Amino acid sequence: MASVFSASFAMPLLDCVFEDDQSATHCTYQFEPEVYGSIGNIYVVCIADNSALTQIRAGLVMKSDLVHTDAIFPYAVTAAIAASPNLSGRIEPQRCTFFPARIKADGPPLTEPEMLQLLAQHYSQFSFRRAC
């Protein structure tokens with residue numbers, strides 16, 4: 001587990017890079033339980049490059065005080081990407097489209113297998129759509 005700063009604006013929990021050879025590299029992040037509990041929204045976000053065909057290049061599970069309809073929500077995703085050693089330098093947010101889905105999860109923090117399952121389900125929804 002890597003350690004990344006915790007911020008209520010965007011707190012990455014897990015990220016994943018989808019490689020051209022169909023493999024994936026993921027990383028989970030440590031967080032302070034009291035910070036986790038104080039941030040209300042969990043999002044799964046697929047990150048696509050802006051080509052003619054939408055190609056999902058990465059995914060992210062994050063917590064944020066924002067909701068996806070907030071005008072500044074893309075900045076929260078960008079902050080989570082910048083905070084990620086796995087995504088930073090590999091993903092250029094200004095060239096990407098974000099596909100967020102809010103997750104209802106009360107109780108203890110999601111486990112790594114739960115987050116991976118959520119990300120895989122979300123990935124399967126968007127992996128063959130055309131970019132707008």
Side-chain angles (χ1 to χ4, degrees):
M1 290 183 131
S3 180
V4 172
F5 75 92
S6 295
S8 59
F9 184 64
M11 184 173 73
L13 305 175
L14 177 139
D15 61 42
C16 185
V17 175
F18 303 110
E19 307 291 351
D20 290 334
D21 66 0
Q22 305 298 315
S23 67
T25 303
H26 76 277
C27 187
T28 57
Y29 297 96
Q30 295 177 344
F31 48 84
E32 296 177 23
E34 57 275 358
V35 175
Y36 181 95
S38 70
I39 304 170
N41 300 316
I42 298 175
Y43 279 92
V44 175
V45 182
C46 282
I47 303 167
D49 69 5
N50 289 326
S51 60
L53 279 177
T54 299
Q55 297 177 349
I56 304 299
R57 294 293 184 196
L60 179 66
V61 180
M62 64 180 244
K63 287 200 84 170
S64 178
D65 282 340
L66 302 173
V67 294
H68 64 280
T69 55
D70 289 335
I72 62 171
F73 184 81
Y75 296 106
V77 177
T78 299
I81 291 169
S84 162
N86 198 28
L87 300 181
S88 180
R90 297 175 88 175
I91 301 297
E92 299 178 46
Q94 68 276 12
R95 294 182 44 193
C96 292
T97 301
F98 304 135
F99 297 101
R102 189 172 173 188
I103 304 301
K104 293 184 189 254
D106 295 326
L110 296 170
T111 65
E112 182 176 357
E114 289 170 331
M115 290 187 285
L116 286 170
Q117 181 180 15
L118 289 167
L119 188 54
Q121 290 169 347
H122 199 54
Y123 173 86
S124 68
Q125 281 187 301
F126 292 102
S127 60
F128 298 107
R129 291 196 179 177
R130 293 182 93 48
C132 298

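For the numbers below, each heavy atom of this structure counts, side chains included, while hydrogens, waters and symmetry mates do not. The shown structure was predicted, so the numbers you read here are calculated from the model rather than taken from an experiment.
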Partner of Cys27 by side chain to side chain contact (heavy atoms under 4.5 Å, CB included), out of Leu87, Asp15, Val17: Asp15
To the closest 0.5 Å, what do you measure between SG (Cys16) and CZ (Phe18)? 4.0 Å
Is the positively charged end of Lys63 above the ring of Tyr36, judged by distance under 6.0 angstrom from the centroid and angle within 45° of the axis? yes
Are Phe99 and Ile56 close enough that some pair of their side-chain heavy atoms sits under 4.5 Å apart? yes
Nearest 0.5 Å please: distance from the CG atom of Leu13 over to the OH atom of Tyr29. 10.5 Å
When you measure from the side chain of Asp70 to the backbone of Ile72, do you find a donor-acceptor pair of N or O atoms at a distance under 3.5 Å? no
Working to the nearest 0.5 Å, report the span between OG1 of Thr97 and CD of Gln55. 12.0 Å
So, Tyr43 side chain and Ser64 main chain: donor-acceptor pair closer than 3.5 Å or not? no
Distance in Å, Gln117 CD paired with Thr111 OG1, rounded so as to fall on 0.5 Å steps: 9.0 Å
Taking Arg95's backbone N and O only, do any of them form a donor-acceptor pair with Asn50's side chain (distance below 3.5 Å, no angle check)? yes
What's the separation between atom CD1 in Ile42 and atom NZ in Lys104, rounded to the nearest 0.5 Å? 12.0 Å
Taking the side chain as every heavy atom from C-beta outward, state whether Arg57 and Ile47 have any atom pair closer than 4.5 Å. no
So how far is it from Leu66 CG to Asn41 CG, rounded to the nearest 0.5 Å? 8.0 Å
Checking Leu119 against Leu14 for the side-chain contact (heavy atoms from CB on, under 4.5 Å) test, could you report, in this order, the C-alpha distance in whole Å, the side-chain angles of both residues, the deciding distance, and whether it holds? CA-CA 9 Å; Leu119 188 54; Leu14 177 139; 3.9 Å; yes
Does the side chain of Ser84 pick up a donor-acceptor pair with the side chain of Asn86 at under 3.5 Å? no
Any Lys/Arg nitrogen of Glu19 or Arg90 sitting under 4.0 Å from an Asp/Glu carboxylate oxygen of the other? yes
Looking only at side-chain N and O atoms, does Ser124 offer a donor or acceptor that is under 3.5 Å from a partner on Gln121? no
For a 4.5 angstrom cut-off between non-hydrogen side-chain atoms, does Glu112 reach His26? yes
